[in-house]
**Student:** 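If you scroll down you'll find the structure; I have some questions about it.
Being a predicted model, the structure only gives us computed values, none of them experimental. Order of the sequence lines fixes the chain letters, A, B, ..., with proteins taken first and strands second; residue numbering starts at 1 for each chain.
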2 protein chains.
Amino acid sequence: MHYDTLKSILKAGGASLTQPRKIIFDLMLNQGPQSMQVLVRRAKDKVDRATVYRTIELFERLGIVRRLNIGWKYKIELTDAFSGHHHHMYCTNCGRVFDLPDNPMLETMIDTVAAKSGFSPRGHQLEVYGLCANCSKA
Amino acid sequence: MHYDTLKSILKAGGASLTQPRKIIFDLMLNQGPQSMQVLVRRAKDKVDRATVYRTIELFERLGIVRRLNIGWKYKIELTDAFSGHHHHMYCTNCGRVFDLPDNPMLETMIDTVAAKSGFSPRGHQLEVYGLCANCSKA
DNA sequence: GCTGAATTTGCAAATTTGTCGCAATTTAAT
DNA sequence: ATTAAATTGCGACAAATTTGCAAATTCAGC
């Protein structure tokens with residue numbers, strides 16, 4: 001079922017697929033980028049606060065989630081392996097987050113520019129901020 | 001002297017150039033991106049923790065510094081006005097931060113892609129992570 | 001399916017991070 | 001120099017994150 005990929009990543013990392021980890025993974029699947037605060041609140045009654053933190057740390061180390069900077073505090077979301085590669089546009093007026101339209105050429109160019117000085121890029125994060133279509137009108 | 005630009009920005013914002021603000025500005029000039037934790041520690045004995053936070057908040061509001069997501073926690077650095085527009089490459093092995101080589105075409109393309117869906121971009125942040133030239137060899 | 005070793009969890013306490021009110025000090029403009 | 005306004009430092013807080021440890025869960029091998 002839908003924990004197969006998760007399970008194999010955990011096993012490869014020497015960790016096991018536990019009840020709390022399933023719950024947190026599901027919370028990540030069903031919601032977009034979310035803050036720790038929100039994730040902890042959503043997991044409340046099922047998973048202890050400390051376990052949420054420990055799990056996210058583990059998930060990040062194994063490349064299951066990543067943290068990104070949207071607005072002031074960081075948020076967590078599933079990595080490309082689960083949600084597809086994408087970037088974000090953050091509306092500084094209404095606070096909503098949108099996906100940046102796909103553009104393979106842009107992706108390539110980012111890695112190319114980075115490689116110019118001998119760096120070996122393994123990934124990147126891009127956040128555009130400004131006004132969304134709606135807020136631009138007002 | 002070298003506080004001229006800083007002073008005029010502060011004055012334009014209705015704030016004054018004080019001793020603590022000079023100290024913090026200098027700490028930003030001499031170091032690259034740094035975490036609040038480190039900045040607070042470096043300013044210790046000269047500037048109170050609360051003042052560091054208040055100052056960074058002011059500096060951010062006036063566009064003197066910005067915060068960015070490198071590694072785990074956010075970091076602070078001087079804005080483009082002081083350090084020129086640039087992005088970062090973060091080496092996940094040694095933890096060092098490098099500037100991404102300038103590339104005007106990349107900058108343009110980012111805004112263009114964002115504008116595609118009606119978004120009005122006003123800025124962006126890009127972070128590439130991977131291995132630096134040095135760590136690639138090992 | 002059961003069993004033991006190893007991992008993981010929940011709980012409570014500690015630490016860290018960021019904020020706030022207010023009296024004392026510093027700044028800037030006369 | 002003088003003074004009003006802005007700013008600082010100093011607790012004291014509130015919120016976020018981490019840690020130690022005993023109890024519970026997972027998993028591999030029977």
Side-chain angles (χ1 to χ4, degrees), chain A residues 1 3-28 33-62 64-76, chain B residues 1 3-28 33-62 64-76:
Chain A
M1 31 35 167
Y3 295 123
D4 284 349
T5 312
L6 176 62
K7 184 167 191 173
S8 65
I9 294 179
L10 285 170
K11 176 168 278 185
S16 40
L17 178 59
T18 65
Q19 220 36 49
R21 287 171 188 170
K22 280 184 192 173
I23 292 169
I24 291 169
F25 180 72
D26 284 342
L27 285 174
M28 297 302 304
Q34 57 196 303
S35 65
M36 282 306 288
Q37 186 190 143
V38 166
L39 182 59
V40 164
R41 185 160 47 69
R42 284 181 175 144
K44 197 87 186 288
D45 301 332
K46 300 192 174 175
V47 185
D48 185 74
R49 193 154 36 95
T51 300
V52 176
Y53 278 101
R54 283 187 285 232
T55 301
I56 289 300
E57 196 199 346
L58 172 71
F59 278 11
E60 190 177 42
R61 188 155 44 80
L62 297 182
I64 296 167
V65 304
R66 63 177 167 192
R67 59 188 66 195
L68 38 111
N69 206 23
I70 290 185
W72 179 251
K73 300 269 176 95
Y74 68 87
K75 288 181 166 51
I76 313 281
Chain B
M1 34 31 167
Y3 296 122
D4 284 348
T5 311
L6 176 62
K7 185 166 190 175
S8 65
I9 294 180
L10 285 170
K11 176 168 278 185
S16 40
L17 178 60
T18 66
Q19 221 33 51
R21 286 171 188 169
K22 280 184 192 173
I23 292 169
I24 292 171
F25 181 72
D26 284 342
L27 285 173
M28 296 303 305
Q34 56 196 304
S35 65
M36 281 306 289
Q37 189 191 148
V38 167
L39 183 58
V40 165
R41 185 159 48 69
R42 284 181 174 144
K44 198 88 185 287
D45 301 331
K46 300 193 175 175
V47 185
D48 185 74
R49 188 158 44 96
T51 300
V52 176
Y53 277 102
R54 283 188 286 232
T55 301
I56 289 301
E57 195 198 347
L58 172 70
F59 278 11
E60 190 177 41
R61 187 154 47 78
L62 297 182
I64 295 166
V65 304
R66 64 177 167 190
R67 60 188 69 196
L68 38 110
N69 206 24
I70 288 184
W72 180 251
K73 298 270 177 97
Y74 70 86
K75 288 180 168 49
I76 313 281

**Student:** If we check side chain to side chain contact (heavy atoms under 4.5 Å, CB included) with B:Met28, which of these qualifies: B:Ile64, B:Leu39, B:Ile23?
**Tutor:** B:Leu39
**Student:** Please lay out, stage by stage, how B:Glu57 and B:Glu60 fare under the test side-chain contact (heavy atoms from CB on, under 4.5 Å).
**Tutor:** CA-CA 5 Å; B:Glu57 195 198 347; B:Glu60 190 177 41; 5.5 Å; no
**Student:** Are the side chain of B:Gln34 and the backbone N or O of B:Arg42 linked by a donor-acceptor pair below 3.5 Å?
**Tutor:** no
**Student:** Under 4.0 Å between a side-chain N or O of B:Gln37 and OP1 or OP2 of C:dT17?
**Tutor:** yes
**Student:** Would you mind reading off the distance between A:Tyr3 atom OH and D:dC27 atom P, rounded to a whole angstrom?
**Tutor:** 14 Å
**Student:** Please report the distance, rounded to the nearest Å, between CE in A:Met36 and P in C:dT17.
**Tutor:** 16 Å
**Student:** List the atom of A:Lys44, the atom of A:Arg41, and the distance in Å for their closest heavy-atom pair.
**Tutor:** CB-O, 3.1 Å
**Student:** A:Tyr74 OH to D:dA15 C1': how many Å, rounded?
**Tutor:** 13 Å
**Student:** Write down the distance between CG (A:Leu10) and C1' (C:dT7), rounded to a whole number of angstrom.
**Tutor:** 12 Å
**Student:** Counting N and O atoms only, with roles assigned by atom type, does the side chain of B:Arg21 sit under 3.5 Å from a partner on the main chain of B:Thr55, one being a donor and the other an acceptor?
**Tutor:** no
**Student:** In whole angstrom, what separates A:Leu17's CG from C:dT7's P?
**Tutor:** 17 Å
**Student:** Where is the tightest heavy-atom contact between A:Ser16 and A:Leu10, given as atom of each residue plus distance?
**Tutor:** O-CD1, 3.8 Å
**Student:** Given atom CG of A:Leu39 and atom P of D:dA15, what is their separation to the nearest angstrom?
**Tutor:** 19 Å
**Student:** A:Glu57 has an atom CD; how far is it from atom C1' of C:dT7, in whole Å?
**Tutor:** 15 Å
**Student:** Could you check how far CZ of A:Phe25 sits from C1' of C:dT8, rounded to whole Å?
**Tutor:** 19 Å
**Student:** Verify the contact: side-chain N or O of A:Tyr53 to OP1 or OP2 of D:dT17, cut-off strictly under 4.0 Å; return yes or no.
**Tutor:** yes
**Student:** Ignoring hydrogens, what is the shortest heavy-atom contact between A:Ile9 and A:Leu62? Give both atom names and the distance.
**Tutor:** CG2-O, 3.8 Å
**Student:** May I ask you to say what A:Lys11 touches in the nucleic acid, namely base, sugar-phosphate or nothing, with a heavy-atom cut-off under 4.0 Å?
**Tutor:** sugar-phosphate
**Student:** Report yes if a side-chain nitrogen or oxygen of B:Ser16 is closer than 4.0 Å to either non-bridging phosphate oxygen (OP1 or OP2) of C:dT26; otherwise report no.
**Tutor:** no
**Student:** Please list, pair by pair, any protein nitrogen or oxygen found under 3.5 Å from a nitrogen or oxygen in nucleotides 8-11 of chain D.
**Tutor:**
from: D:dT8; atom 1: OP1; to: B:Thr18; atom 2: OG1; distance (Å): 3.0
from: D:dG9; atom 1: OP1; to: B:Lys46; atom 2: O; distance (Å): 3.3
from: D:dG9; atom 1: OP2; to: B:Asp48; atom 2: N; distance (Å): 3.2
from: D:dG9; atom 1: OP2; to: B:Thr51; atom 2: OG1; distance (Å): 2.7
from: D:dG9; atom 1: N7; to: B:Arg54; atom 2: NH2; distance (Å): 2.8
from: D:dG9; atom 1: O6; to: B:Arg54; atom 2: NH1; distance (Å): 3.4
from: D:dG9; atom 1: O6; to: B:Arg54; atom 2: NH2; distance (Å): 3.3

**Student:** Answer yes or no: does a side-chain N or O of A:Lys22 lie under 4.0 Å from OP1 or OP2 of D:dT25?
**Tutor:** no
